[in-house]
Amino acid sequence: VAELPTRAFDIRFRALLKVIAAAALVWLWLTVYPIVLLVIVAVLMAVTVNPAVCWLERRRWPRWVASLAVSVLLLALTIGLLWMTWSSLSEQARLLLARLNASEQQLDRFLPQWLRDMVVPNAGSAGSSVASYSFRVAQSAATAVGVAFLGFILMIYFLIEGRTTCDWLLAFVPLRYRSRAEQTLIESERVVVAYAVGNGITSIVAFAFTWVVLWWLDVPAALLLAVM
């Protein structure tokens, strides 16, 4: 019997270190990417409302006072909108959960056993999956409130210390490219503000149109569905 040829694999120590470093970078990114996204969103929010802060600065308001005033006004508008629509949203959310529970019971009654096990895993208790879904929604909402609060604090910080941070970052840019970097930051701010304003107008128009159409068609939970 002829012997099969054997191959020797030479794994160098440097290649092994590269693989370990790549795995460590992937693990690090999966660990810190929520924080990175939170900082990016806070920066975008700060850039969006920065023209209002600059407008107050031109009227001799201190930077920190103008930043706090704009931030508090934005928070008050958000809380006011939630307060005005909360009763309707909560009532429509209860209606939607009741409809989901009724639909689950109908599936439990009419579907074959094998298909019911696929569609409704906890077929023995019809309301269990709806209750579990409600708990997950409440947990996600609590997490979203905490993240929004942290993002709001970061936005205030970037509004107050944004110029100092930009100057600190520009200090690392070579002197011959510094003017281009400053111009890039100015143009980026204009683009971000225009994008945020356009996206806000689009969202408001889409919400109003969806809510009016659903209300005209007498769809239950029209306001909640329009917000979603």
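Worth saying up front: this structure is predicted, and the values here are computed from it rather than measured. For this chain, numbers begin at 1 and follow the sequence in order.
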*Can you sort out the partners of E187 under side chain to side chain donor-acceptor pair (under 3.5 Å), two or more places apart, ordered by chain and number?*
Q183, R190
*With R163, which residues qualify under side chain to side chain donor-acceptor pair (under 3.5 Å), at least two apart?*
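Residues passing side chain to side chain donor-acceptor pair (under 3.5 Å) with R163: E57.
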For the atom pair [atom1] ([X]) and [atom2] ([Y]), what is the distance rounded to the nearest 0.5 Å?
X: F209; Y: L214; atom1: CZ; atom2: CG; result: 9.5 Å
X: T164; Y: L169; atom1: OG1; atom2: CG; result: 11.0 Å
X: L25; Y: I20; atom1: CG; atom2: CD1; result: 12.0 Å
X: L68; Y: I160; atom1: CG; atom2: CD1; result: 5.0 Å

Listing request: all salt bridge (charged side-chain N to carboxylate O under 4.0 Å, His left out) pairs with a residue in [range], at least two apart in sequence or in separate chains.
range: residues 69-80; result: none
range: residues 22-33; result: none
range: residues 22-44; result: none

_I need the full list of side chain to side chain donor-acceptor pair (under 3.5 Å) pairs touching residues 42-54, with sequence neighbours left out, sorted by first then second residue._
N50-R63, N50-E189
*Partner residues of I79 under the side chain to side chain contact (heavy atoms under 4.5 Å, CB included) criterion, sequence neighbours left out*: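 I79: side chain to side chain contact (heavy atoms under 4.5 Å, CB included) contacts with L75.
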*List for me each residue that meets ring-ring contact (aromatic ring centres under 6.0 Å, His included) alongside W168, sequence neighbours excluded, and say none if there are none.*
F172
_Quick check on the hydrophobic clustering: are V53 and L73 connected, directly or via other members, by side-chain heavy-atom contacts under 4.5 Å?_
no
Which pairs would a plain distance check flag for residues 196-208, meaning a side-chain donor or acceptor within less than 3.5 Å of a matching protein atom at least two apart in sequence or in another chain?
residue	atom	partner	partner atom	Å
T202	OG1	G198	O	2.8
S203	OG	N199	O	2.9

Per-pair distances, 0.1 Å, donor-acceptor, side chain in residues 146-155, under 3.5 Å, sequence neighbours excluded:
none

What pairs of donor and acceptor atoms, side-chain ones from residues 174-182 against any protein atom, are under 3.5 angstrom apart with sequence neighbours left out?
residue	atom	partner	partner atom	Å
R178	NE	L170	O	3.2
R178	NE	V173	O	3.4
R178	NH2	V173	O	2.9

_Starting from I186 and following side-chain heavy-atom contacts under 4.5 Å between hydrophobic residues (I, L, V, M, F, W, Y), which residues can be reached?_
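None; I186 is a cluster of one.
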